[in-house]
Amino acid sequence: MKKSQSLLILIALFVSLFVSCNQQSNSGGDQKMNAFIDDLMGKMTLDEKLGQLNLPASGDIITGAGSNNNIVDKIKEGKVGGLFNIKSAEKIRAVQQIAVEQSRLKIPLLFGMDVIHGYQTVFPIPLGLSCSWDMAAIEKSARIAAQEASADGICWTFSPMVDIARDPRWGRVSEGSGEDAYLGSQIAKAMVKGYQGDDLSQNNTILACVKHFALYGAAEAGRDYNTTDMSRIRMYNEYLPPYLAAVDAGVGTVMASFNEIDGIPATGNKWLLTDLLRNQWKFNGFVVTDYTGIAEMTAHGMGDLKQVSGLALNAGVDMDMVSDGLLTTLEESLKEGKVSQQAIDQACRRILEAKYKLGLFDDPYRYCDVNRAKNEVFTPENRQAAREIAAQSLVLLKNDKQVLPIQNKKTIALVGPLADNAENMPGTWSVAADFSRSVSLLQGLKNAVGSTANILYAKGTNVVSDPDLDARISIFGKPTKWDKRSQKEMIAEAVAAARKADVVVAAVGESAEMTGEAACRTDITLPENQKELLEALLATGKPLVMVLFTGRPLAIVWEKANVPAILNVWFAGSEAGDAIADVLFGKVNPSGKLTMTFPQNVGQVPIFYSHKNTGRPLPEGKWFQKFRSNYLDVSNDPLYPFGYGLSYTSFDYKNLKLSSTELNSTGELKVSVDVTNSGNYDGAEVVQLYTQDLVGSVTRPVKELKGFQKVFLKKGETRSVEFTLAEKDLRFYNSDLKFVSEPGDFKVFVGTSSANTLESGFVLK
Ligand code: BGC
């Protein structure tokens, strides 16, 4: 035997010894936990077990029709397992104290919150965050969110939201990572890792909750809570992967969605919550319903509260958010034999396990150190990180004649309904934010220019012109700041400011609450009154930059045709104003790329890059042909495709090379391309790799994202960017729902967006 071989054997022996010791110590940990929980459950009454399954809202924040009656009494009686959306270490400590000092078995409570894109330091809305395509940055945003939330008493977040969304009418597209299963899966993993870290018992890591399981993003007509209905094959290939990625990353909890699947609401769907989630995917944490998810099954037509509570438990639900159904009806259902003691014990055990893993039995106050909250929340370091990540999420949609970056301008007119609105900057689901401490765009511009330029501000118009609609889009304390002046008067003021300026920046778009939960739109254009403002500004002949605030893709056809520069800024979080200014003035070169297709109009919806070819695809270059799959009135093209986003510099792609024209089942294929920064600024580019499986036993998408790399290139620099493809990357679910690859011809595309790529091909043997 050669020396190197014996060394290898030694290393292998050492590794296997290490792994088995570790497994023993883990299972030793499990044994200890199991013994502890056995002992505790041995002392619990049925009522106390059902109490663990109960998750009321704290009353601090209410998102549905629930109430918080008698919560304190219930805690004392052991009838509460956790509370959510209660804010501050002091308050949480006080409530925890009731649980561990005044209830019979002193079981600590879980404290959850919708920490969706940051805690007090708010990062961009998730759709914006995804446009950074930067997994390290996304993980860091979740890490900081966990650090801050855990410092303020929270040990469980209802995030990540990984619902694939392809219909911009749906308000909640803002809460997810867009349309693509592969990218969505990478982001799901990064976020779970960021929240949970490697060790849940640390006091700065928190339980994550992947939601909304499942298919919530496919609501018919883009109307929230609406029915979903899709084939299993589409589910498995296009909608389920991000949930599975979160489970594989060890997510501790899963939230059932509001919608039905195959005619059964997710909350009562045994196929979904048990067969798929537990038996196929081996999920071993606990399942919580969404807000009043159990009670809502009555309106779905599944029976009264008792019936639907039994249905939920039998399907695999462990914890009941707000319905009070598991707490109040299961005793009777147990007597009637409709649910089993074993199912109740199972659910109770899973919740106690989560509490054990968080270390709450060792120290119920481990997340309630008031000094930590003072020192670790909204710190300058966290805000700086949020500013940097926010700048990465902005997407430059258009930049004719290099209007941007703004350089050497003496007078800048800043106009528009979102220019001076700090409260709207954090966007939807920013429940822990102090809105008034966010940085508005006006403030950001002033901070950036100091005394070197003059900023003239005018509101120009309201967000919308209908006061009733205005009231509906500012319900949750994010005011639109309705201005009573006439449209004519406001536009005149803006035009006067524009006339005096060297460049005009128009902050237009949606208000924060025009997206998010129950904020759907059938018209996804810019409100007419805002368009009028833009027209008036264009008529001054001054260079115009449109800064577009939005939580969804908008159909901005006229704007694309007429406004010279468009920067899409989503809702970029508490540091939005500074981050946007960083990009406008060129301190940061934009690098965001769209993760959801922008349609030309709402009639094209759902529109996404990874569609099927159909039997009658439109020939390339055509936009209408009779008896082809197309529209009479508009081309099939998106307004802006998935993966699209400009930079102040330009990137050239050359020399797409494959290491071989064949790939076998055990081998690897290297795909490389030379990317050159051919412009005048240093900058980052997201290099994207797609494949197409040309012949299959089932039809396959025209393109599927299989890899991406964000590379930073100095001006003039060329880098060879290399990807590796293996057989496993080409697998998909076939009509038997088997995850397979099929030999045959593949195309491979590498480029700057899903619609602008170099192309080559290989054969899978
Ligand atoms: C939403 C969830 C959220 C929950 C708790 C529900 O209305 O659908 O996403 O986590 O409320 O606030």
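The analysis underlying the following values was restricted to heavy atoms, covering all of them including side chains, and did not include hydrogens, waters or symmetry mates. Numbers here simply count residues along the sequence, with the first being 1. Whatever order the structure lists them in is the order used to number ligands and atoms, beginning at 1.
Between His212 and Phe258, the ring-plane angle classifies as parallel under the 30° and 60° cut-offs.
By the 4.0 Å heavy-atom criterion, His212 is counted among the residues contacting ligand 1.
With a 4.0 Å heavy-atom cut-off, ligand 1 is reached by the side chain of Met255 but not by its N, CA, C or O. At a heavy-atom distance under 4.0 Å, no atom of Met161 approaches ligand 1. Counting heavy atoms under 4.0 Å from ligand 1, residue Trp429 touches it through the side chain alone. Counting heavy atoms under 4.0 Å from ligand 1, residue Met113 does not touch it at all.
In this structure, Arg166 is positioned above the aromatic face of Phe608, its NZ or CZ under 6.0 Å from the six-membered ring centre and within 45° of the axis.
When each atom of ligand 1 is checked for a heavy atom of Phe258 under 4.0 Å away, the hits are 7 (O), 8 (O). The distance from ligand 1 to the heavy atoms of Phe158 drops below 4.0 Å at these ligand atoms: 10 (O). Ligand-side atoms of ligand 1 in range of Asp290: 1 (C), 2 (C), 3 (C), 4 (C), 6 (C), 7 (O), 8 (O), 11 (O), range being under 4.0 angstrom from any heavy atom. Within ligand 1, counting atoms from 1 as listed, the ones closer than 4.0 Å to a heavy atom of Asn85 are 12 (O).
For the residue pair Tyr225/Glu260, the side-chain donor-acceptor check at 3.5 Å is not satisfied. A donor and an acceptor atom, one from each side chain of Asn226 and Glu220, are nowhere located under 3.5 Å apart.
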Practice task
Decide salt bridge (Lys or Arg N to Asp or Glu O under 4.0 Å) for Glu513 and Arg472; before the verdict, give the C-alpha distance in whole Å, the side-chain angles of both, and the deciding distance to 0.1 Å.
Solution key: CA-CA 8 Å; Glu513 288 180 26; Arg472 289 198 291 277; over 6 Å; no
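Taking the six-membered ring for Trp, Trp170 and Tyr216 have ring centres closer than 6.0 Å.
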